Each structure stands twice: as C-alpha cells, then as structure tokens.
Amino acid sequence: RGRWASSLALRGEFDAAFGQGAEALRLAEAGDHPFTLAVVCWALSIAYEIRGRFEDAIRLAQRGLMVCRERHVPFLVPFLQGRLAGSIALSGDIIEGQRLLREAQEVAQSMHSGAAGRSLFFTAVQMALLAGEVDRALPMATAALNHSRETGLRDVEAVTLQLLAEITAAGPDAASAEYCYDAAIALAGEQGLRPTVAHCHLGLGKLYRRTGKREQAHEHLTTAVTMYREMDMPFWLEKAETEMRELT
C-alpha cells in the first residue's frame, strides 16, 4: 500500500496517494515493522517531491533514514539518502544535495547494490541538470533512457524523456528539445502521468518564449497552468504563472 502512494502521485492523484500513505504509515507503526515503515517513508517522500512539497519530502526521507539506522535496515539507506539528496537539491541547496548523493553512491557501492545504483543514477542526472552541468547530464540521461527502453519500463521512459528534454532545452538545440518534449507528452499521456505531461507543457512554453514563438508559448503555458491548478501543485503552478507573466 505504501509503494502505491508514489504510483498514484505519478498520475497526479495526490489525495489518494497521501491517504494511502498515511494508512500504510499507521499500519507499519502499529505492527512495529521497520522495513515496511522505511519503504513507506521512501514512497511518500517521492509523492511529496512530485507535488513540489519539498520540506515534507525531506522530512519523510529523514525519518526513513533514521528508521534504517536505528533499526538496522541497511539495504534501504542509499535509496532514502538518494531521495533526501534530490529533494534538498530541488529545494535550492544543490551543494548539500550533491554531498548527500556522493555519500549515498559510496554506500551503494560498498553494498554492491545494483538496484540502489540505478536509482541513484537517475538522481545524479537530475542533480547535474540542476547544477547547470548540461554536457555531463546529456550522456547520462541518454543512457538512462536507453536502459528504460531495454527493460520495458514505460513510465520510467516517459519521465526520463521529460528530463532529457529539459537538459536539451538548456542547450542551443531547440528542435531536439521540442522533439523530446513531444515524445514525452505522448508517452506520459498514454501512461496517465499527468504531472509529467504538465512539466512538458511548461518546458515547451519556456522554450517557445525563448525562441520568440509567443502563440505556441501561450498555448502550452495555459495548459500547464490549468493542469497544475487541477492537480493542486502550487509550487509548479507559481512557476508556470511566472512564465505566463513574462510572456505578456
């Protein structure tokens, strides 16, 4: 049930995600099951991060880490530290996020955990983009996209395509960025990943504003604003509305 919270959040069903997450937390606490409690904290941290509530995402990741360390659940430590690193970076402290990510990568390597390594690799791509390291982020995102296609993880492929679009949009190749955004919208739409679709419309709005295509920019920003408002994602709504104001 706790893991479903992150899946629901990926579809923009936040009320259901947090409702299921709260119930899963209650059951894990009542049953005194540290592994389950840590997993629920991990999943809820993802859900809060998707919504843009980074303080709550950080709080849940920290709680999960504390459970792992105090109740001897080492396997989940790099997963939760990776979550913590990503949320802290998204909240604005990229340096601390990078430090925590390096620590998580060292732990994953010492444990020989391929699953943790793959999870942290995606976080590393996000971190490189946030740090403005486009030349480093681009081949990493391409590798992550290829892996998602090889493993048939369509939801991961959609999210990775959106990330690749963001990275490409930070460079001079507007046509490639537009292609990646369109592909991500199509695939995310098929999977019902509404926050990802909204992020793509915001990205296209920013891209078209930058390249002087005001009509297209207005269309995509309007869609992003509408979707963020419908899903109650205020952090991202504010960003879309700011872009809309800059357009006028």
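Only this structure's heavy atoms are used, side chains among them; waters, hydrogens and symmetry mates stay out. Quick caveat: nothing in here was measured; it's all calculated off a predicted structure. Along the sequence shown, residues carry numbers from 1.
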Side chain proximity check, Arg63 to Leu25, heavy atoms < 4.5 angstrom: yes
Do Arg59 and Arg53 come within less than 4.5 Å of each other through their side chains, counting heavy atoms only? no
Do Leu80 and Cys68 have side-chain heavy atoms sitting under 4.5 Å apart? yes
Measuring only between side-chain heavy atoms, which start at C-beta, is Arg71 closer than 4.5 Å to Met66? no
Any side-chain heavy-atom pair from Gln81 and Leu65 closer than 4.5 angstrom? yes
Do Phe18 and Leu44 make a side-chain contact, defined as non-hydrogen atoms from C-beta onward lying under 4.5 Å apart? yes
With distance as the sole criterion, is a donor-acceptor pair present between the side chains of Arg229 and Thr226 under 3.5 Å? no
Which atom pairs, donor and acceptor, lie under 3.5 Å between side-chain atoms of residues 118-128 and protein residues at least two apart or in another chain?
unit_1 : atom_1 : unit_2 : atom_2 : d
Thr123 : OG1    : Ser119 : O      : 3.4

In plain terms, say whether Asp56 and Arg51 are close enough for a salt bridge, that is, a side-chain N and a carboxylate O under 4.0 Å apart. no
Using the rule that Ile, Leu, Val, Met, Phe, Trp and Tyr join whenever any side-chain heavy atoms are under 4.5 Å apart, tell me whether Leu163 and Leu101 fall into a single cluster. no
Using 4.0 Å as the upper bound for N to carboxylate O, is an ion pair formed by Lys239 and Glu243? no
Shortest non-hydrogen contact from Thr168 toward Ser176: CG2-CB, 3.6 Å
Closest approach of Val134 and Ile167, non-hydrogen atoms and distance? CG1-O, 3.7 Å
Evaluate the side-chain contact (heavy atoms from CB on, under 4.5 Å) criterion for residues Ile185 and Leu204: first the C-alpha distance (whole Å), next the side-chain angles of each, then the deciding distance (0.1 Å), finally the verdict. CA-CA 10 Å; Ile185 287 174; Leu204 279 169; 3.8 Å; yes
What's the spacing between Leu164 CG and Glu157 CD if we round to 0.5 Å? 11.0 Å
Give me the atom names and distance for the closest heavy-atom approach of Val67 to Pro34. CG1-O, 3.5 Å
Under a 4.5 Å cut-off applied to non-hydrogen side-chain atoms, are Met233 and Phe14 in contact? yes
Is it possible for you to say whether Trp42 and Leu153 belong to one hydrophobic cluster, with membership spreading through side-chain heavy-atom contacts below 4.5 Å? no
With a cut-off of 3.5 Å and sequence neighbours excluded, list every side-chain donor-acceptor pair involving residues 87-95.
unit_1 : atom_1 : unit_2 : atom_2 : d
Ser87  : OG     : Glu49  : OE1    : 2.6
Ser87  : OG     : Arg83  : O      : 3.3
Ser91  : OG     : Ile88  : O      : 2.7
Asp93  : OD1    : Glu96  : N      : 3.1

What I want to find out is whether Glu13 reaches Arg194 closely enough, with some N-O distance under 4.0 Å, to be called a salt bridge. no
Regarding Lys206 and Glu246, does a basic nitrogen lie under 4.0 Å from an acidic carboxylate oxygen? no
Same hydrophobic cluster for Leu138 and Val156, using side-chain heavy-atom links shorter than 4.5 Å among ILVMFWY? no
Please list, one pair per line, the donor and acceptor atoms closer than 3.5 Å that link side chains of residues 177-184 to other protein atoms, with sequence neighbours excluded.
unit_1 : atom_1 : unit_2 : atom_2 : d
Glu178 : OE2    : Tyr208 : OH     : 2.5
Tyr181 : OH     : Glu166 : OE1    : 3.3
Tyr181 : OH     : Glu166 : OE2    : 3.3

Quick one: are Pro78 and Gln105 in side-chain contact, heavy atoms under 4.5 Å? no
Within the 6.0 Å centroid threshold, strictly below: Phe235 and Tyr228: no
